[in-house]
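Atoms within each ligand, like the ligands themselves, are counted from 1 in listed order.
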Amino acid sequence: MGTLFKNGTIVTASDMVKADVLVEGEKIVLIGQDIPTQGHEVVPCDGKYLMPGGIDVHTHLDLAFGGTYSNDDFDTGHKAAAFGGTTMHIDFAMQPKGGKLHDALDIWREKAKPAQIDYSFHIGVTDLRDEVLEEIPTLIDEGVTSLKLFMAYKNVFQIDDKTLYLAMSQAAKHGMMVMVHAENGDVEEQLRKQLLAAGKTDPVDHYSSRPPEIEGEATNRAAVLSGLTNCRLYVVHVTCEPAVEAIRRARELGYPVMGETCVQYFYVTRDKHLGAPGFEGAKYVCSPPVRNEEHHAVLWQAVKDGTLQAVSTDHCDFWYEGGVGPVQEWAKAHNGGDWTAYEAQDPSYRRPGKELGKGDFSKIPNGMPGIEDRMMVMWHLGVNSGKISPSRFVELNSTNPAKIFGCYPQKGTIAVGTDADILVWDPNASHTISASTHHMKTDYNVYEGMTVKGVPQQVYLRGKRLVNGNLWLGKNGEGKFVHRKPNAPIL
Ligand code: DUC
Ligand code: ZN
Ligand code: ZN
């Protein structure tokens with residue numbers, strides 16, 4: 001007995017076709033017209049789209065960052081993702097300083113034990129010693145084919161140009177991908193110090209410490225190194241015109257450069273959000289910063305003309321009002337200030353969050369929630385407005401991510417033989433986004449009050465239903481690691 005999705009319109013990156021889809025076990029086994037229902041559980045899909053599950057290739061679950069940890073982990077973050085139609089994500093497993101790349105894998109495998117959706121890892125390289133350089137190709141056997149290097153976050157994750165060049169040369173030899181967070185961290189450090197010294201400490205001043213120029217410069221630098229080494233390069237979270245132009249130029253020159261933007265960069269602005277009165281703007285502090293509408297228009301053009309190939313979230317959520325509870329006193333008395341031990345015994349406790357940066361924007365933990373919102377907001381802003389077609393939506397949010405990161409066609413499409421990660425998408429249903437109803441572990445939502453039209457009514461992962469309306473049917477431990485391949489196509 002299988003599950004038969006009846007009378008839906010299948011949306012892939014190339015087509016929209018009315019057909020039935022039969023799933024047996026974890027796979028799609030048949031696509032056709034008028035497939036007999038006998039012996040199958042039937043899911044009526046009249047008026048619905050059948051789309052491949054979303055793939056978010058840029059998330060930071062349970063990351064030690066900014067003096068705290070991001071809130072969502074491989075339990076809560078997965079459930080939230082699935083409610084929003086995302087059935088796979090790729091998280092950044094960060095190399096501990098002085099440690100090996102395999103240490104990062106071990107740590108993140110442990111974190112991923114409660115998984116409820118499918119996942120994979122990029123390895124964040126922070127300390128490229130000779131033996132670590134040699135270790136890079138051994139990741140391929142583990143199903144990890146992408147490295148991430150940060151050109152910013154001085155004294156935390158930042159690497160220098162020599163490191164980027166060496167990593168790219170090595171990755172290129174083995175058909176691996178290098179991803180960069182492209183901002184000039186040395187210049188950022190100077191700007192930040194000047195701003196703070198001048199008393200500019202508000203959330204909106206974060207923007208002035210990271211202007212578009214430093215993103216464009218770093219993007220261009222990485223793109224030129226990609227051309228030099230012939231290494232596949234994927235620029236994460238592109239926000240602005242100078243960065244888009246650097247990628248466009250590199251691609252015109254034939255360099256193997258690709259890039260993504262994130263859903264928030266189409267919507268959140270410096271003026272209205274980051275510049276909101278009081279400390280409110282802290283909710284929107286992320287790096288690179290959100291930009292104003294003129295850059296949003298550039299990003300739409302870039303996802304339409306193929307300069308950018310994917311949309312992700314950079315999901316890295318923190319409480320707006322964290323550190324709530326008696327923990328500070330308790331931690332001082334019992335644990336030398338370590339709140340992590342306290343957290344385990346008091347579920348109502350909130351770890352430190354955005355409030356860490358009151359009076360000093362540079363101490364605001366960088367990041368935003370979005371793993372649950374991406375698909376609905378992209379559909380609403382992109383498809384409902386006519387900016388992108390349903391097929392381009394699927395391509396940006398699922399197909400291209402799978403192709404670029406080496407797991408297509410197992411993931412990222414609806415075809416016979418592929419994993420049955422299926423969304424029954426209702427293009428006519430509306431939903432008002434709110435922190436009071438979302439599933440992400442944070443006390444605010446970037447899109448608060450936005451009524452979107454188009455929602456994932458049912459969500460299937462490898463043939464198992466995870467979401468039915470508001471009902472959660474998933475189970476911890478059912479998400480599987482996705483083994484990815486090198487030599488992925490350059491799109
Ligand atoms: N930017 C963020 O805003 N958060 C996580 C890491 C990053 O690069
Ligand atoms: Zn980043
Ligand atoms: Zn990130």
Side chains of Phe481 and Phe121: does their closest heavy-atom pair fall under 4.5 Å?
yes
* Short N/O/S contact of His60 with the Zn ion (ligand 3) (below 2.8 Å) -> yes
When distances are taken from atom 8 (O) of ligand 1, the protein heavy atom at minimum range is His181 ND1, 2.9 Å
re atom 4 (N) of ligand 1, the protein heavy-atom contact at minimum distance is Asn366 O, 2.9 Å
Using non-hydrogen atoms of the residue, decide whether His237 is closer than 4.0 angstrom to ligand 1. yes
Atom 5 (C) of ligand 1: of Phe150, Phe318, Tyr284, Phe65, the nearest heavy atom sits on Phe65
Under 4.0 Å between heavy atoms, the region of Val285 that gets near ligand 1 turns out to be neither
| request: State yes or no: are the ring centers of His181 and Phe157 separated by less than 6.0 Å? | output: no
So side-chain hydrogen bond (donor to acceptor under 3.5 Å, both in side chains) across residues 194-207, not counting sequence neighbours, yields His206-Ser287
Original post:
Between Lys111 and Asp73, is a side-chain contact (heavy atoms from CB on, under 4.5 Å) present by the stated rule, with each step listed?
Top reply: CA-CA 8 Å; Lys111 286 180 193 278; Asp73 57 17; over 6 Å; no
Next on the checklist: Does the plane of the ring in His60 sit parallel, tilted or perpendicular to the ring in Phe150? Use 30° and 60° as the thresholds.
Outcome noted: tilted
- Query: When the aromatic ring centroids of His122 and His58 are compared, is their separation below 6.0 Å?
  - Reply: no
Flag for Arg192-Ser362: side-chain donor and acceptor within less than 3.5 Å:
no
**Message:** Is the terminal nitrogen or CZ of Lys354 (NZ for Lys, CZ for Arg) located under 6.0 angstrom from the six-membered ring centre of Tyr320 and within 45° of that ring's axis?
**Reply:** no
| query | Hey, are Thr269 and Asp271 close enough side-chain-wise for a donor-acceptor pair under 3.5 Å? | reply | no
Next on the checklist: For Tyr447, does the six-membered ring have the charged nitrogen or CZ of Arg374 within the cation-pi criterion, i.e. under 6.0 angstrom from the centroid and within 45° of the normal?
Outcome noted: no
Quick note on ligand 1: atoms under 4.0 Å from a heavy atom of His60 include exactly 5 (C), 6 (C)
One finds that the ligand 1 atoms under 4.0 Å from a non-hydrogen atom of Cys286 are 3 (O)
At a cut-off of 2.8 Å, protein N/O/S around the Zn ion (ligand 2) gives His181 ND1, His237 NE2
* Asked: Under 30°, 30 to 60°, or over 60°: which ring-plane class applies to Phe74 and His89, parallel, tilted or perpendicular?
  -> tilted
Atom 1 (N) of ligand 1 sits nearest the protein heavy atom Ser287 O, 2.9 Å
re atom 7 (C) of ligand 1, the protein heavy-atom contact at minimum distance is Tyr153 OH, 3.3 Å
